[in-house]
Amino acid sequence: MYRILEKKKIAPKHVMYRIEAPHVAKKVQPGQFVIVRAFPNGERIPLTPVIWDREEGWIVLITFIRGKTTMRMANELKPGDAILNVAGPLGNPAPIEKFGRVLAIGLSAGIVEVFPIAKALQEAGNDVTALHVTPKPMVILKDEFEKAVSRHLVEGFDIQEGWGTKEIVDEIAKRGAERARKLLSEEHFDFILTVGPAGAQKAVFEVVKEFGIPMHADLHPIMVDGTGMCGSCRVTVGGEVKFACIDGPGFDAYQVDWDELIHRVGFYTDMERRALEEYLKSLRGE
């Protein structure tokens, strides 16, 4: 069992959990993830340790509420309760090298994974600019970034009436690409990092490749076990099938088959929606 030491809502749909997990805190590196099973018979979800303390043995996880499991965690778990399983650290660490000037882009909730990587890159001697592209109410980790990197920028926008998830993600993709183009046109960067929705990452990549700058993209395909056994997280990179859980989650953006990835991440949308609807019905006693 992994005791919840602290829990708080940090923005709409964003919940922070500080969890007792000494084996993870001892070994985790920026860019790695854990697989969490919060409830008996519950699904397994990948989450990124954002902050950790190796001596005290805890990690911080931030969930973006978008489905049944993350909503159930937000509704039913409280400090003092325990997470059933936290497996990890899994995946490969991000490349922490001396690149020079780095632009680290977090698209929507992808900023959660960007934070430990950007912080480590800054500590390695790089000049890091972090960019968060997101709806204004969902800006998170602003204070933490301002302390950790050379410069932190926020490209925020208002959500228009009638917008759903698709419209919001489309706006993130549009604004992310526009802001990336402006920055790359006006300044020199040696390395780009992106994390976020696949469509938005592709939009940014289409801009970056015009400038020929190396780009590292952390991918988020559907993931079940996180150990290479299920094959659900397969992606095509450089013409070869890779598994994001054991070969990634980070890859050379120039080698990723973005169209295939975007197609695959939508496979289970209908089932995810039905699961959430059934959970909401249970809360209403229907």
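Keep in mind the model is a prediction, meaning the values are calculated, not measured. The residues of the chain are indexed from 1 along the displayed sequence.
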Under 3.5 Å: donor-acceptor pair, side chain of E20, backbone of Y2: no

For residues 108-119, which side-chain donor-acceptor pairs fall under 3.5 Å, sequence neighbours excluded?
from : atom 1 : to   : atom 2 : distance (Å)
E113 : OE1    : H220 : NE2    : 3.0
K119 : NZ     : E123 : OE2    : 2.7

Measuring from atom NE2 of H188 to atom CG of L183, what distance do you get when rounded to the nearest 0.5 angstrom? 13.5 Å

Using modelled atom types only, decide if a donor and an acceptor are shared between the side chain of Q122 and the backbone of D127 within a distance under 3.5 Å. no

With a 4.5 Å limit on heavy-atom distance, are the side chains of P30 and W52 in contact? yes

Tell me whether the NZ or CZ atom of R101 lies within the 45° cone about the ring axis of F191 and under 6.0 Å from its centre. no

So D170 and K166, salt bridge (charged side-chain N to carboxylate O under 4.0 Å, His left out) or not? Walk me through it. CA-CA 6 Å; D170 287 347; K166 181 183 183 303; 2.7 Å; yes

Without swapping roles, check the side chain of H263 against the backbone of L261 for a donor-acceptor pair under 3.5 Å. no

So CG of D190 and CG of N126: to nearest 0.5 Å the spacing works out to 8.5 Å

Given side chains that start at C-beta, do those of P135 and F157 come closer than 4.5 Å, heavy atoms only? yes

Would you give the length of the straight line joining atom CG of L103 to atom CG of L184, rounded to the nearest 0.5 angstrom? 6.5 Å

Using only atom types and a distance under 3.5 Å, with no angle test, would you say the side chain of N92 pairs donor to acceptor with the backbone of I246? yes

Is a salt bridge present between E178 and K182, judged by a nitrogen-to-oxygen distance below 4.0 Å? no

Would you say R54's side chain and A25's backbone share a donor-acceptor pair under 3.5 angstrom? yes

Between I35 and L90, is the side-chain contact (heavy atoms from CB on, under 4.5 Å) condition met? List the steps. CA-CA 8 Å; I35 293 285; L90 301 170; 3.5 Å; yes

Of the options V36, I62, V86, which is the one that meets L47 in a side-chain contact (heavy atoms from CB on, under 4.5 Å)? V36

Side chains of L61 and T63, heavy atoms from C-beta outward: is any pair under 4.5 Å? no

Between OG1 on residue T69 and CZ on residue R37, distance to nearest 0.5 Å: 11.0 Å

Flag the pair R151 and E187 as a salt bridge only when some basic side-chain nitrogen lies within less than 4.0 angstrom of an acidic carboxylate oxygen. yes

Give, for atom CD1 of I159 and atom OG1 of T134, the distance between the pair rounded to the nearest 0.5 Å. 8.0 Å

Give a yes or no on whether the backbone of D218 and the side-chain of Q201 come within a donor-acceptor separation of less than 3.5 Å. yes

In plain terms, say whether K142 and E144 are close enough for a salt bridge, that is, a side-chain N and a carboxylate O under 4.0 Å apart. no

Identify whether the distance between the nearest side-chain nitrogen and carboxylate oxygen of K7 and D81 falls below 4.0 Å. no

With a 4.0 Å cut-off on N to O distance, would you call D143 and K147 a salt bridge? no

Nearest-0.5 Å distance that lies between atom CZ in F39 and atom CG in N85: 12.0 Å

Answer yes if the ring centres of Y254 and F205 are under 6.0 angstrom apart, and no otherwise. yes

